[in-house]
Amino acid sequence: MTDDKISANKAIDAALHLDGDPQKVRAFYDEWAKNYDIDTTNTGYVGPRIAAKLFHQFDRSERQNLCYSFSVLDAGCGTGLVGDELSTLGYEQIDGFDLSDAMAQKATETGSYREVKGGIDMMQAAQHYRPLSYAGVLSVGVFTLGHVPPEALNVLVELLRPGGLLVVSTRSHYYDQSNFQEVVDRLIADRQLHLLKLVKDAPYNNDGDGHYWVFRK
Ligand SMILES: C[S@@+](CC[C@H](N)C(=O)[O-])C[C@H]1O[C@@H](n2cnc3c(N)ncnc32)[C@H](O)[C@@H]1O
C-alpha cells in the first residue's frame, strides 16, 4: 500500500478519500450501492452490529418498560445494515435517510424500515423531519473521512427528543483528524447531550478501529 492508502479494498479506500462534497459523495455511493454489502462483509465491517447492540443495551437500562414501538432514525442508513440489526433486536419503527438514492433503495428493499428517504444531506436533514421527533437516532459509518463534518452532530441532536438516545460511530482516523471532540464538548457544555459511554478503539473493520459514542439528550 502507498502511504496515503487507508484500505486495501479499492472502493473503501476511494470512499475514505472523498472530499465531503455532497454531490460527489452521492454519485460515488450511487455507483457503489450494488457492491457495498459484499465489500463491507469481505472487510469485516462490524460497525452496525456494535452500534445497534449498544443502542439496545442503553435503551434497555434507561427505560423502565422496554418499548419497541418508539421511532428510531438511522441517519446515513446506506443499504440498511443498521436497520437490519435493529430489526433483529425487535425494533419496529425504524426510519432511515441517506444522501444516495441507490443506497436508500437498497435499505428499502431490506424490509427493516418503516420509511426510507433518499437524496437527503445530513446537514439539511432538519428540513425534512420534525424537530424532536425521534426517541433514538443512530449514525454509523458516516462520521468518517470525506463524508460529513462533525457539525452534522448538531443536526441529529435537533431531531432527537429530550431523553432520547443517540449512538454514533467515528472512525479513529476521522476522530484524530477532525474537530469531532470539540463539537461534542460544546454540546455537553450547552447541556444538549450527556455522554453515557464512549467505547474507544473498538473493532470497526479489518482496516482499523472505531469509537462508539452513546449520548442521552
Ligand atoms: C460507509 S456508508 C455507511 C452506511 C450504513 N450506515 C452502514 O453502516 O453500512 C456511508 C453512508 O453515508 C452516506 N452519506 C455520506 N454523506 C452523507 C450526507 N452528507 N448526508 C447523508 N448521508 C450521507 C453515504 O451515502 C453512505 O450511504
Side-chain angles (χ1 to χ4, degrees), residues 6-7 9-55 72-87 94-110 112-113 116-129 136-156 158-159 166-171 173-174 178 202-208 210-212:
I6 302 168
S7 175
N9 179 285
K10 216 172 147 187
I12 293 176
D13 196 64
L16 294 171
H17 284 91
L18 289 165
D19 63 2
D21 172 349
Q23 278 188 332
K24 288 188 203 157
V25 174
R26 182 180 177 156
F28 178 85
Y29 275 97
D30 278 348
E31 181 62 30
W32 192 19
K34 55 185 177 302
N35 290 321
Y36 178 87
D37 288 353
I38 300 166
D39 284 337
T40 51
T41 301
N42 288 343
T43 48
Y45 180 43
V46 290
R49 177 155 302 169
I50 291 181
K53 279 192 172 161
L54 271 172
F55 180 82
V72 181
L73 180 67
D74 179 9
C77 62
T79 57
L81 300 180
V82 175
D84 282 349
E85 296 290 346
L86 290 172
S87 175
I94 310 162
D95 293 339
F97 74 81
D98 201 274
L99 187 58
S100 155
D101 284 316
M103 295 291 274
Q105 177 57 31
K106 291 268 182 196
T108 302
E109 288 164 12
T110 64
S112 296
Y113 294 83
V116 182
K117 296 181 186 180
I120 294 189
D121 180 349
M122 193 181 287
M123 292 301 284
Q124 318 297 333
Q127 295 170 17
H128 300 269
Y129 295 95
V137 175
L138 294 93
S139 188
V140 185
V142 190
F143 288 89
T144 192
L145 291 178
H147 288 52
V148 297
E151 287 74 12
L153 202 59
N154 297 316
V155 180
L156 302 186
E158 278 184 56
L159 304 179
L166 171 64
V167 172
V168 172
S169 72
T170 50
R171 288 290 294 253
H173 40 53
Y174 174 87
S178 74
Y204 189 87
N205 72 3
N206 297 343
D207 297 323
H211 308 328
Y212 297 85

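First listed ligand is number 1; within each ligand, the first listed atom is number 1.
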* Asked: With distance as the sole test, does Lys117 use its side chain to make a donor-acceptor pair with the main-chain N or O of His128 at under 3.5 Å?
  -> yes

Show me the short polar-atom pairs for ligand 1: any N or O of it lying under 3.5 Å from a protein N or O, with distances only.
| residue | atom | partner | partner atom | Å |
| --- | --- | --- | --- | --- |
| ligand 1 | 6 (N) | Gly76 | O | 2.7 |
| ligand 1 | 6 (N) | Val140 | O | 2.7 |
| ligand 1 | 8 (O) | Tyr45 | OH | 2.6 |
| ligand 1 | 8 (O) | Val140 | O | 3.3 |
| ligand 1 | 9 (O) | Tyr36 | OH | 2.7 |
| ligand 1 | 19 (N) | Asp121 | OD1 | 2.9 |
| ligand 1 | 20 (N) | Met122 | N | 2.8 |
| ligand 1 | 22 (N) | Leu99 | N | 3.3 |
| ligand 1 | 25 (O) | Asp98 | OD1 | 2.6 |
| ligand 1 | 27 (O) | Asp98 | OD1 | 3.2 |
| ligand 1 | 27 (O) | Asp98 | OD2 | 2.7 |

Side chains of residues 144-153: which donor-acceptor pairs under 3.5 Å do they make with residues two or more places apart or in other chains?
| residue | atom | partner | partner atom | Å |
| --- | --- | --- | --- | --- |
| His147 | ND1 | Leu145 | O | 2.9 |
| His147 | NE2 | Tyr29 | OH | 2.6 |
| Glu151 | OE2 | Asn179 | ND2 | 3.0 |

* Which of these, Thr108, Asp37, Thr110, sits in a side chain to side chain donor-acceptor pair (under 3.5 Å) with Thr79? -> Asp37

* Structure fact -> side chain to side chain donor-acceptor pair (under 3.5 Å) pairs touching residues 94-103, sequence neighbours excluded, are Arg26-Asp101, Asp30-Ser100, Asp95-Arg114, Asp95-Tyr134

* Could you pull out all residues at least two apart from Lys24 that satisfy salt bridge (charged side-chain N to carboxylate O under 4.0 Å, His left out)? => Asp19

* Quick one: does Ser169's side chain have a donor or acceptor within less than 3.5 Å of a partner on Gly141's backbone? -> yes

